[in-house]
K.L.:
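Below is one structure. I have some questions about it.
Indexing begins at 1, ligand by ligand and atom by atom, following the structure's order. Bear in mind the structure is a predicted one, so any value in this text is a computation, not a measurement.
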Amino acid sequence: MELNNLLISGNLIEEIQSILDEKDISKNVRYKDENEVTEDDLEWADAYVGFKPKASLDFSKVKWVHSTGAGVDRFLDERNWDPGVLLTRTIASFGQKIAEYSLSYILRHLQKHNQFIQYQAKKEWNPVTPGILSEQRVVVFGTGEIGQVVANKLSSLGVSVTGVSASGSGKPYFDQVIAQNKDLTSYLSNANWVISTLPLTSDTNGMLDEKIFTKLNSAGFINVGRGKTVNTNHLLNALDDEKIHTAVLDVFEEEPLPQSSPFWEHDNVIITPHISAETTPAEAVACFLETLEKVEASENFKNQVDIDRGY
Ligand code: GLV
């Protein structure tokens, strides 16, 4: 595939431009704020690189679209994708970052940080024994690129990790992987933590609902996938019913999270503003250039999105 005109937009354009200016990529490159991209830009471009394109853009005019993020729901949602247009996504250190994010909250809970901070404030000497990772059972929804790194890091610290995926195919570092349409009761009722790394697709939209939450027994819930995979009301009910003791949420149905959301003031909810796995400019450029080379050489590459699956 010949790609001469590259339109680069997205949340990292300035950083990407300063890295690409140092390299000679022998292409015509146009940099444009993502909200200012026009149909004329797309007429000109062979390839579009972005993060959160305007809903109105019609990508059937370009040959290749590349997401500087891991997720591509912002590209596919409510858009009829022309099957002739190649879509790729960024693969980078997301799994490592999400593993560290998740571990920080799991350890905070096991090591009883909140309790000891309160005892210290009252000058109380109050020995409470911390929990240990090797006794933890974690269920990870999503066994792709990111879920596998999370399973690798957690299992290396002694955690038992069960995966849940569409197919149920076995993957490295998971004790077992169960298909999402199977009975998950025994895994969920014994889980100490549930971590969702799910992408947003028509299949996963609202998938984490009362059918999952009511089977938990005071587990922690971490969502680092997409907000719309969770039924918000069912999650709030599960917190009220103590099926979930803490919800650590990095992604939301609507972002930024509206001021009116009950999550903000919920004692058992921890909110972070979609920061668990940001793409660094260097990673964005490295993945983009590697993919560009492979697309031009018609080589196989693993970051091609299967449009029907949506990831
Ligand atoms: C962030 O959520 C991404 O898609 O990389």
Side-chain angles (χ1 to χ4, degrees), residues 8-16 19 34-35 48-55 57 59 64-79 81 86-102 104-105 140-150 153 165 195-208 221-230 232 247-257 263 270-291 301-307 309-311:
I8 300 195
S9 73
N11 56 340
L12 297 171
I13 37 174
E14 278 158 30
E15 295 91 334
I16 292 179
I19 300 175
E34 200 141 41
N35 289 318
Y48 175 91
V49 178
F51 185 65
K52 193 178 179 188
K54 283 194 297 190
L57 292 182
F59 289 120
W64 171 41
V65 175
H66 177 73
S67 163
T68 56
V72 288
D73 48 293
R74 293 175 284 239
F75 292 79
L76 294 176
D77 215 13
E78 292 171 27
R79 194 178 261 123
W81 196 265
L86 173 69
L87 178 61
T88 56
R89 63 196 177 86
T90 295
I91 295 182
S93 61
F94 303 128
Q96 171 77 25
K97 287 173 181 156
I98 283 180
E100 290 181 21
Y101 176 95
S102 304
S104 74
Y105 291 102
V140 177
F141 280 80
T143 61
E145 208 56 46
I146 293 175
Q148 284 177 46
V149 179
V150 171
K153 302 295 166 194
S165 71
I195 302 175
S196 175
T197 67
L198 289 174
L200 178 64
T201 66
S202 50
D203 213 32
T204 63
N205 199 333
M207 182 175 137
L208 301 173
F221 173 62
I222 299 177
N223 190 9
V224 284
R226 284 292 184 260
K228 285 187 185 162
T229 62
V230 172
T232 297
V248 180
L249 307 175
D250 187 48
V251 287
F252 301 88
E253 237 176 298
E254 190 183 337
E255 294 177 11
L257 183 64
F263 286 141
I270 296 170
I271 292 170
T272 55
H274 204 142
I275 46 71
S276 62
E278 292 178 334
T279 311
T280 63
E283 285 175 333
V285 171
C287 182
F288 159 65
L289 290 179
E290 190 185 323
T291 312
F301 44 96
K302 60 179 184 174
N303 54 336
Q304 178 167 357
V305 173
D306 176 331
I307 304 296
R309 282 196 323 188
Y311 59 93

K.L.:
Can you sort out the partners of Phe221 under ring-ring contact (aromatic ring centres under 6.0 Å, His included), two or more places apart, ordered by chain and number?
P.N.:
Phe213
K.L.:
What I want to find out is whether Glu34 reaches Arg74 closely enough, with some N-O distance under 4.0 Å, to be called a salt bridge.
P.N.:
no
K.L.:
In terms of side-chain geometry, is the basic nitrogen of Asp203 or Arg309 positioned less than 4.0 Å from the acidic oxygen of its partner?
P.N.:
no
K.L.:
Can you name the residues that form a side-chain hydrogen bond (donor to acceptor under 3.5 Å, both in side chains) with Trp64, not counting sequence neighbours?
P.N.:
Thr88
K.L.:
Please tabulate protein-ligand N/O pairs under 3.5 Å for ligand 1, atom names and distances to 0.1 Å.
P.N.:
residue  : atom  : partner : partner atom : Å
ligand 1 : 2 (O) : Arg226  : NH1          : 2.8
ligand 1 : 2 (O) : Arg226  : NH2          : 3.4
ligand 1 : 2 (O) : His274  : NE2          : 2.6
ligand 1 : 4 (O) : Ala70   : N            : 3.1
ligand 1 : 4 (O) : Gly71   : N            : 2.8
ligand 1 : 4 (O) : Arg74   : NH2          : 3.0
ligand 1 : 4 (O) : Arg226  : NH2          : 2.8
ligand 1 : 5 (O) : Ala70   : N            : 2.6

K.L.:
Write down the atom of Ile16, the atom of Ala284, and the distance for their closest heavy-atom approach.
P.N.:
CD1-CB, 4.2 Å
K.L.:
With sequence neighbours excluded, tell me which residues meet ring-ring contact (aromatic ring centres under 6.0 Å, His included) with Tyr101.
P.N.:
Tyr105
